[in-house]
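No hydrogens, no waters, no symmetry mates; every other heavy atom, side chains included, goes into these values. We count residues from 1, following the sequence as given.
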Amino acid sequence: MAPPETIGKFEILREIGRGAMGVVYEARDPVLGRTVALKVIQAAAEGDELQGFEERFLDEAKIAAALQHPGIVVVHEVGRDTGTGTLFIALELLRGETLAELARAGPVHWERVMRIVAQVARALHHAHVQGVVHRDIKPANVIVLATGEAKVTDFGIARFESLRGRLTSTGQFIGTPLYTAPEQARVEEVDGRADVFSLASVAYTLLTGRPPFEAPTIPGIVHRVVYEEPVAPSRLVPELPTDVERILARALAKDPDHRYPSAEAFAEDAEDLVAGAPPRHAAGDDLVAVDDPASPHASGVPDGFARGTAAAPVAPDAPPAPHVGGPQPGGDTRTSLPPPRRRASRAPVVAAVAAILGVVALFLWAPRQPPPAPGASPPMPATPAPTAPAAAPAAAPVTAEPARLRIDFDHPLRRGRLRVFVDDELTLDERLTGQQKKTALVFKVHEGSLREELEVAPGLHEVRIEVSWDESKKMERIIGSFRAGATRRLDASLGRMRRDLTLEWHEP
């Protein structure tokens, strides 16, 4: 499809990209005689969905326009085409390469990476001071110009603190899983420290040539982000200075309170390293002297990185590693649960192991005494040794109460099939039937519904729904966070005319 000739006052030259928020054109402003990047909304939605999409688009424009910093792309104009109603944002046209393109060439020297980190972190600090969290820092959203200047783009999912909740439904995952912060993956409230974590993940990717939490599936990536430490970058790049690894470890801390308190502090440490000075904010981390042979850190790997080898691949179908020894990071108490199953099949069985208390009395046998002399007093009986204290009963293993996933599905099919997958595991396979309600001209209209409740382990899961009928099939995915003992309702529907499958979270 050919691009339009004009949008608003702008003359369209060519299409240069597409994204979740719309299409980006290279365009010319005939009034000011400059070339811009013109971002327009995609008009694929209808009704309330279109209105919500337009609101989000305008929110992006307002957020980006309010941020005036050399490290953030400039917004020239926001408007709507009077003829077509198309919304647009005219942005500074940047000519350079994204960090995603830079990373494809392999590991980047640490000094260049630290310079980029410092620039991006200072731009993010400016946004954070204005009450804006980017929430999607990734290699594709940072452009490096020929001058070496780095610019942050696409505040499309950022939000003002005062707009909290308008851009996403509760429990809906937003961001790019490979670079998201643990608290964001758990669908919790986030602040600027989430961007610090994401920027550190990007830096790790540039330094080593691979993302810190890569895995074959989205659930696998999310599990690694929330629960696992990445391989120490020095295992992949042995010549990497210890202080580089040191500041990355702090920026990648699972607990936001253990990270840099601000993006500015992260920037200052990166600038110190480039200048050949020790990082001024790294004194508070837990790095132990590497020349202490008794230290578990004798390998020189800072806390926050795994000490395994770099060659340990992630098995494509390997389940998440079980957690041992207390609560998970972030206060989660993840435990092993059976695979998801229908709630109606049978009540969940909570395994309880009875503690066995054994009390052993120890007796001290007195040495045999010679018989008493005539007229002597009989010997006193030997005093038994104190009874050993009873062993404390072993604590029964705690099994978390399962969460519940309720599927409410409405459809216009006479016959069909519904399949539900949780983390790529088939958990529901049902035939669909619909009753004829009325006839419109020569068309028979059917209506049907299905209500099912499944049990899932607490935590973050990807839910995939597939609907098939005749020779057609529709499939959609959605990610949701589940609390132990709580129920989340997923409303799914198949459109009557266009047969679009939509998924949306609602609280029951």
Only counting residues at least two apart or in another chain, list the ones meeting salt bridge (Lys or Arg N to Asp or Glu O under 4.0 Å) with Asp410.
Arg451
Considering residues at least two apart in sequence or located in another chain, which fulfil the side chain to side chain contact (heavy atoms under 4.5 Å, CB included) criterion with Arg415?
none
So, His134 side chain and Thr153 main chain: donor-acceptor pair closer than 3.5 Å or not?
yes
Scan residues 409-433 for pairs that pass ring-ring contact (aromatic ring centres under 6.0 Å, His included), counting only residues two or more places apart or in two chains.
Phe409-His411
Close side-chain approach of Val467 and Leu413, heavy atoms under 4.5 Å:
yes
Main-chain N/O of Ser481 paired to Arg488 side chain as donor or acceptor, under 3.5 Å:
yes
Taking the inter-plane angle between the rings of Tyr260 and His281 on a 0 to 90° scale, is it parallel (under 30°), tilted (30 to 60°) or perpendicular (over 60°)?
perpendicular
Sequence neighbours excluded, the answer for ring pair (Phe, Tyr, Trp, His ring centres under 6.0 Å) partners of Tyr179 is none
Listed partners of Val142 passing side chain to side chain contact (heavy atoms under 4.5 Å, CB included), at least two apart
Leu99, Val120, Ala150
With sequence neighbours excluded, tell me which residues meet side chain to side chain contact (heavy atoms under 4.5 Å, CB included) with Leu178.
Pro211, Glu214, Ile221
With side-chain contact (heavy atoms from CB on, under 4.5 Å) as the test, would you mind laying out the steps for Ile116 and Leu102 before giving the verdict?
CA-CA 12 Å; Ile116 292 171; Leu102 182 62; 4.2 Å; yes
Suppose we screen for ring pair (Phe, Tyr, Trp, His ring centres under 6.0 Å). Which residues come up paired with Tyr204, at least two apart in sequence or across chains?
none
Given side chains that start at C-beta, do those of Pro412 and Leu494 come closer than 4.5 Å, heavy atoms only?
yes
Stepwise side-chain contact (heavy atoms from CB on, under 4.5 Å) check, Trp469 with Arg414
CA-CA 9 Å; Trp469 70 97; Arg414 181 166 177 250; over 6 Å; no
Given 3.5 Å as the limit, does a donor-acceptor pair link the side chain of Glu101 with the main chain of Thr98, or not?
yes
Strictly distance-based, threshold 3.5 Å: is any side-chain N or O of Lys254 a donor or acceptor partner for the main-chain N or O of Glu228?
yes
Partners passing salt bridge (Lys or Arg N to Asp or Glu O under 4.0 Å) against Arg417 (at least two apart in sequence or in another chain):
Asp429
Measure the shortest side-chain to side-chain distance between Ser262 and His125 over non-hydrogen atoms and say whether it is less than 4.5 angstrom.
yes
For Asp257, which residues count as a salt bridge (Lys or Arg N to Asp or Glu O under 4.0 Å) partner, sequence neighbours excluded?
Arg193
Looking at Glu466 and Arg464, does any basic side-chain N land under 4.0 Å from a carboxylate oxygen?
yes
Does Gln184 use its side chain to pair, donor to acceptor, with the backbone of Arg135 at less than 3.5 Å?
yes
Is a side-chain donor or acceptor of Asp491 paired with a backbone partner of His506 at a separation under 3.5 angstrom?
no
Sorted by chain and number, sequence neighbours left out, ring pair (Phe, Tyr, Trp, His ring centres under 6.0 Å) with His126 holds for His69
Looking only at atom types and distance, does a side-chain atom of Ser234 sit under 3.5 Å from a main-chain N or O of Leu240, one as donor and one as acceptor?
no
All side chain to side chain contact (heavy atoms under 4.5 Å, CB included) counterparts of Ser493, not counting sequence neighbours:
Thr502
Can Lys39 and Asp154 be counted as an ion pair, charged N to O under 4.0 angstrom?
yes
Is the backbone N or O of Leu405 less than 3.5 Å from a side-chain atom of Arg489, with the two atoms forming a donor-acceptor pair by type?
no
Sequence neighbours excluded, which residues qualify as side chain to side chain donor-acceptor pair (under 3.5 Å) partners of Glu183?
Arg259
Between Phe213 and Phe197, what is the ring plane arrangement, given parallel below 30°, perpendicular above 60°, and tilted in between?
parallel
